[in-house]
Amino acid sequence: MNRPAMIVRGARLGTAVALALAANAAWAQTTPAADGAAASAEDIVVTGFRASLDAALNVKRDETAMVDVIKATDIAAFPDTNLAESLQRIPGVTIDRDAGEGRQISVRGLGPEFTRVRLNGIEALATTGGTDSSGGSNRSRGFDFNVFASELFSQITVRKSASADVEEGSLGATVDLQTARPFDYDDFAFAVGGNLVWNDLSKDLTPRASALISKTFFDGKLGILVSGAYSKRKLFEEGFSSVRYDNGPSSGGFCSPTGVTPVVPNTGATCGAAATGTPRLPNTPANVAAYQAASSAANFHPRLPRYGRLTHDQQRIGLTGAIQFEPSDNTKFTGEILYADLKSTRQEDFLQAISFSRNIGQGGKSQTSVLETEYDANGGLLYGRYNGVDIRSESRFDELRTKFLQGTLLWEQKLADNLQLAVLGGTSSSRFRNPVQTTTTLDVANVNGYSIDFRGDDRLPEISYPFDVTSNSGAGLGLITSPTGQITGSEIRIRPQGATNTFDTIRMDLTWDMVPEEFSLKLGGAYKKYGFDTWEYRRVNQSDTITALPAGTTLADVTKLLTGFGHNLDLPANTPTSWLIPDLNKMAAAYDIYCNCLKSGAAGGPGDFTLSSITNGNARGNNRAVTEKDTSFYFQFDFAKELFGMPLRGNVGMRYVKTEQSATGYQAAGGGTAVTVDQTYEDWLPSMNLSLAVKPNFYVRFAAANVMARPSLGFLSPGGSISTTGNLTITSGNPYLQPFRATTFDASFEYYFEDGGLIGVGLFYKDIGTYVQQLRTNVPYNQTGLPLSLLPPNFTGEEVFQVTTPVNTEGGPLKGFEINWQQPFTFLPGKWANFGTLFAYTRVYSKIDYVTSPTNQTIIREDLIGLSPESWSGTFYYDGPKFDARVSASYRSAFLQRVPGQNNNDVEGKNSTLNVDFKLGYKLTEQLELTFEGTNLTDEFNDQFIGRDRNSPVVYHHTGRQLMFGARFTY
């Protein structure tokens, strides 16, 4: 009951929970120092960033399994906007960003789907929405860390090896996130902090604030803690994108010059129907050569080449509460609640050519003639000039919100001197809603003289539009409201959607110390019910076309100018920095687009704004649900003995889990027929962890286990979806998929040469026995067996669709190593001793065989999706009594996002990134500190590519640098 007094001296406290985190870090320092001297139980001193590193290493050293820890002050003292960016400093952990902010993590080359996250002891899943290029709305098992502010947490533990007493479900790692508790403190604690954040691209100044208060009562038997964090974030994301590349013959090919055989399209003297098609080019050697080069299957062009600006406006609120009650030395209750609310809007404005991704029925590629063209040696477009190109100004607006709520109750009971019971129960829900996702367009058809030139810059091409893109006179961009023949009409797309994830968990653990300090037996079990549900609506007018503007309304009344585009991009001279865009609010008012009704004309026509879901072929696939009931039991023997005079600790155990899965989806028959498929599978998962202290400060560890991870949610639906706008695709799920399964081996060698000092080398090998791949093939619709009634009226059934379905396949080995070096420069004289460094390096190797098609024996041997072969992070810091400073950098090499790639490509991926941050702090008093922090100092680009050899740009966007000015007060 009587906790030791705590002395807080010179703490480099970060945000509102910094005091809690620092206290927790100090509390953890109960492990003997590296030289064998015991830390005083009555005089625990927190001295800032270095103290948090010491505490984290003490936890790592005392664990039997292989773990890495980030302690309190470390999180708060770095310029991290969320937990993902804190985690990237752990060896083997890499992060993926959305809008410049960390969103998901990969561990040792295994992506977000293979990493479990526990919040305050129970599994949880938080999801939100992102840009299409960053994964869109999260309907997977991957955890979105950007839902939470890092200020809310006191410790992060990454468990890299499995043990029987930790729940199953991960191939990569289990990440434990812990919020602060009142018994982390002695009596009373208070902290408050705030920052002003400035972005050099958007030029916006936004606030960030946090606070924490904790108090114990009744001689320390009762404690109450509350904390909160608030932030706003507004930024621009600007650059070039292509929405992938495709080859020459795709979508029916380009329009052939006169006299070239075969005639493409087969419509006579014009490229398309006589009323709308542009004249064919004359049969000259130059025209024929350009056409033949562009028509080669080995040459690729961007599908929707475009410049664009995305405007992100985000508000994040987080709250925690904890009550601890310890009526006796044998009994303790801990109740915790965590709430997060991430609310944002995103507007995407693009000026793009749409012809290169469309067939003749959509007024697309076969109406386009090639005037000039040039390709590089790998088949990537260098330069092209064209006639008959449709140009579009597209504006999309999203409202997004994630509400997360979790409550847990932990009962810890000492039943006897050698028998302890712990019972943990809790529930969590993550409710993501995207109630507004609306796209409006302005269009102009069959423009002659459009050009795109990559010869000066392979990421930022020069694009020439042979008309005034800022004019609202109707001579250029406007509303095509009565499309005829092969001309694409302007669109209003309405696609509200959402997803809900819930967990209900009860767990019991019993520990019997059979031989105190030498041998113990753990027994336990858990029941977990997981629920996933997602939905989407779209217009019953599946072509999304619109009628003419109401009488008295002009183009000028429903449009506006985007201005100031291209800051810090160093764009080619002729690139537009302003263009005409739809004004969504005025368009919505003019057409009453949110009425969910038939405004005019025939049902399903351009005047119909009625929404539908399961009866809508384009929305049906995103209406699905999965329920899982997981029942598990385990036993584990823990021991501590000597081996040839060297202390040996370890555990050996077995975990059994039964998964009862029910998946519901909708098939096309009958306009949307619900289908539910149940399946059950069992897993026996043995594990072993050993830790040998070869010397008092040198540890050798070994671990082995069988592990499993359940299939991706998006693969399990027994239903399917058909997309007849944009990419022509058919996707069907497979509810009979078996989980991913692997056998893992880990070894590490750790030398703790002083307090806060570590040189560690970790080796790992994972034999992934089962994997899940999506098989993809291109077939005409009339060969799929689906009825023609599912297609829009202008489709014939001869259109080629990309058909995708997931199956279990063989996996492959994954192996690699980690290096971890932490070095306080205490050997230097005077103030130089306040310097120190951290460095982590990871190398991962894995190749598996990707099957490209169920009817094609072609195999692509490539890296595991999400695997960066190399990653590293480094920090150089100064931690003095008044002044502290640090600079950190994180590097991640290129990784793949999809194999095989879409649109006749082998792979899709993201190129390497290097992010640099810094932090300065100065203590005016023991309680008040001023800070100056910066993130993304190099203004790193999100550089996504398609084609392994071509490395063609899919997205090349930047979000600007971020600077933060703040103050923190603690008591």
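Quick note: numbers below take in every heavy atom, side chains included, and nothing from hydrogens, waters or symmetry partners.
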Flag side-chain contact, heavy atom, 4.5 Å: [X] against [Y]:
X: S632; Y: R655; value: yes
X: F404; Y: L119; value: yes
X: T875; Y: R89; value: yes

By ring pair (Phe, Tyr, Trp, His ring centres under 6.0 Å), which residues pair with [X], not counting sequence neighbours?
X: F969; result: none
X: Y878; result: F835
X: Y699; result: Y752
X: F114; result: F740

Which pairs pass ring pair (Phe, Tyr, Trp, His ring centres under 6.0 Å) with one or both residues in residues 504-528, sequence neighbours excluded? F519-F637
Rounded to the nearest 0.5 Å, what separation is found between the NZ atom of K60 and the CG atom of N820? 6.0 Å
Closest contact, heavy atoms only, P112 versus S106: CD-OG, 3.8 Å
Ignoring hydrogens, what is the shortest heavy-atom contact between A180 and E336? Give both atom names and the distance. O-OE2, 4.5 Å
Just checking [X]: does its [atom1] atom have more than 12 heavy atoms from other residues, nucleotides or ligands closer to it than 6.0 angstrom?
X: K629; atom1: NZ; result: no
X: F965; atom1: CZ; result: yes
X: K215; atom1: NZ; result: yes
X: R649; atom1: CZ; result: yes

What pairs with [X] under side chain to side chain donor-acceptor pair (under 3.5 Å), at least two apart in sequence or on another chain?
X: S214; result: none
X: E518; result: K641
X: T331; result: Q413
X: Y922; result: none

Ring centers of F49, Y877 separated by less than 6.0 Å: yes
Can [X] and [Y] be counted as having a side-chain donor-acceptor contact under 3.5 angstrom?
X: R433; Y: T500; result: yes
X: K343; Y: Q315; result: no
X: E754; Y: T826; result: yes
X: T334; Y: Q324; result: yes

Quick one: do S430 and T127 satisfy side-chain contact (heavy atoms from CB on, under 4.5 Å)? Show the steps, please. CA-CA 7 Å; S430 173; T127 64; 3.9 Å; yes
Mutual orientation of the aromatic rings belonging to Y656 and F633 [parallel < 30°, tilted 30-60°, perpendicular > 60°]: parallel
Quick one: do [X] and [Y] make a salt bridge, cutoff under 4.0 Å?
X: R103; Y: D144; answer: yes
X: R181; Y: E326; answer: no
X: D504; Y: K529; answer: no
X: R159; Y: D176; answer: yes
X: R118; Y: E167; answer: yes
X: E933; Y: R886; answer: no

Apply the test side-chain contact (heavy atoms from CB on, under 4.5 Å) to residues T631 and V657: give CA-CA distance (whole Å), side-chain angles for both, the deciding distance (0.1 Å), then the verdict. CA-CA 6 Å; T631 306; V657 60; over 6 Å; no
Set of salt bridge (Lys or Arg N to Asp or Glu O under 4.0 Å) partners for D341, sequence neighbours left out: R401
With sequence neighbours left out, what residues match R701 under salt bridge (Lys or Arg N to Asp or Glu O under 4.0 Å)? E750
L409: which residues meet the side chain to side chain contact (heavy atoms under 4.5 Å, CB included) condition with it, sequence neighbours left out? none
